[in-house]
Amino acid sequence: MSVLNVVLYPDDPLTRKAAPFTEIGPELVQLAEDMLETMHAYDGVGLAGPQIGIARRIFVMQPPDGEAICLVNPEIVTMEGRVEGEEGCLSMPRVYSDRVPRATYIEVKALDPTGAPIHFEAHDFAARIIQHEYDHLEGILFPDRLDIISREAVLQEWDDVRAALDATSEHTG
Ligand code: NI
């Protein structure tokens with residue numbers, strides 16, 4: 001297992017749409033393990049392929065009181081409800097907004113890293129994580145979900161954080 005470098009916004013391929021996996025090989029299990037180790041190393045609750053430089057449709061997640069899972073080629077087939085809540089992103093460390101709107105209930109279809117189909121429902125915070133990670137596969141980051149005023153404020157804050165991170169090379173990504 002290894003901790004992978006995390007790509008910072010707006011570096012490639014974060015703002016691109018990720019491609020589906022057409023073949024599921026044994027290397028996906030290893031990739032999922034490395035992504036989970038990376039997510040835990042950065043104290044995150046989710047991490048998507050583009051965030052580690054892989055423009056493919058895969059993400060890992062673990063809600064605070066739930067189990068770690070990896071979704072390959074996920075589809076959100078149902079979305080219901082809407083609530084604003086707090087989000088951050090490992091690709092924009094130290095920047096948060098508590099006004100990110102998300103559905104409160106979703107139904108998800110995906111493959112696990114071995115290629116087995118999975119189908120489940122998620123509510124509230126788990127549903128929020130999945131929507132955030134799914135957005136990464138579409139090249140969308142959480143500020144894109146905000147109203148224009150909040151979005152500009154978050155992006156301006158991020159500019160300052162990013163400049164500080166680049167200056168100190170503190171972040172490994
Ligand atoms: Ni993120």
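We count residues from 1, following the sequence as given.
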Evaluate the criterion side-chain contact (heavy atoms from CB on, under 4.5 Å) for residue pair Met61 and Ile129; output intermediate values, then yes/no.
CA-CA 7 Å; Met61 63 168 285; Ile129 299 169; 3.8 Å; yes

Name all residues meeting the salt bridge (charged side-chain N to carboxylate O under 4.0 Å, His left out) criterion together with [X]; count only those two or more places apart in sequence or in a different chain, and write none if there are none.
X: Arg57; result: Glu138
X: Arg99; result: none
X: Asp12; result: Arg16
X: Asp144; result: Arg151

Side chains of Glu121 and Tyr105: any donor to acceptor distance under 3.5 Å?
yes

Taking side chain as C-beta onward, heavy atoms only, is [X] less than 4.5 Å from [Y]?
X: Leu47; Y: Tyr42; result: no
X: Thr104; Y: Arg82; result: no
X: Val83; Y: Arg128; result: yes
X: Thr78; Y: Ile106; result: no
X: Gln51; Y: Glu133; result: yes

What heavy-atom pair brings [X] and [Y] nearest, and what distance separates the two atoms?
X: Met35; Y: Gly49; value: CE-N, 3.6 Å
X: Leu8; Y: Leu14; value: C-CD1, 3.5 Å
X: Leu36; Y: Ala68; value: CD2-CB, 3.7 Å
X: Pro143; Y: Met92; value: CG-SD, 3.7 Å
X: Pro113; Y: Leu28; value: O-CB, 3.6 Å
X: Val100; Y: Ser97; value: CG2-O, 3.9 Å

Pick from Val108, Leu71, Leu111, Val72: which one makes a side chain to side chain contact (heavy atoms under 4.5 Å, CB included) with Ile118?
Leu71

Inspect the contact between Asp124 and Arg102 and indicate whether a charged nitrogen and a carboxylate oxygen are less than 4.0 angstrom apart.
no

May I ask you to decide whether Asp160 forms a salt bridge with Arg94, counting only side-chain N to carboxylate O separations under 4.0 Å?
no

Does the side-chain contact (heavy atoms from CB on, under 4.5 Å) test come out yes or no for Met79 and Glu107, once each step is laid out?
CA-CA 7 Å; Met79 299 177 86; Glu107 193 184 336; over 6 Å; no

Mind jotting down which residue pairs meet the ring-ring contact (aromatic ring centres under 6.0 Å, His included) criterion with at least one end in residues 128-149? Sequence neighbours excluded, please.
His132-His136

Which pairs, with at least one residue in residues 24-50 and sequence neighbours excluded, count as a salt bridge (Lys or Arg N to Asp or Glu O under 4.0 Å)?
none

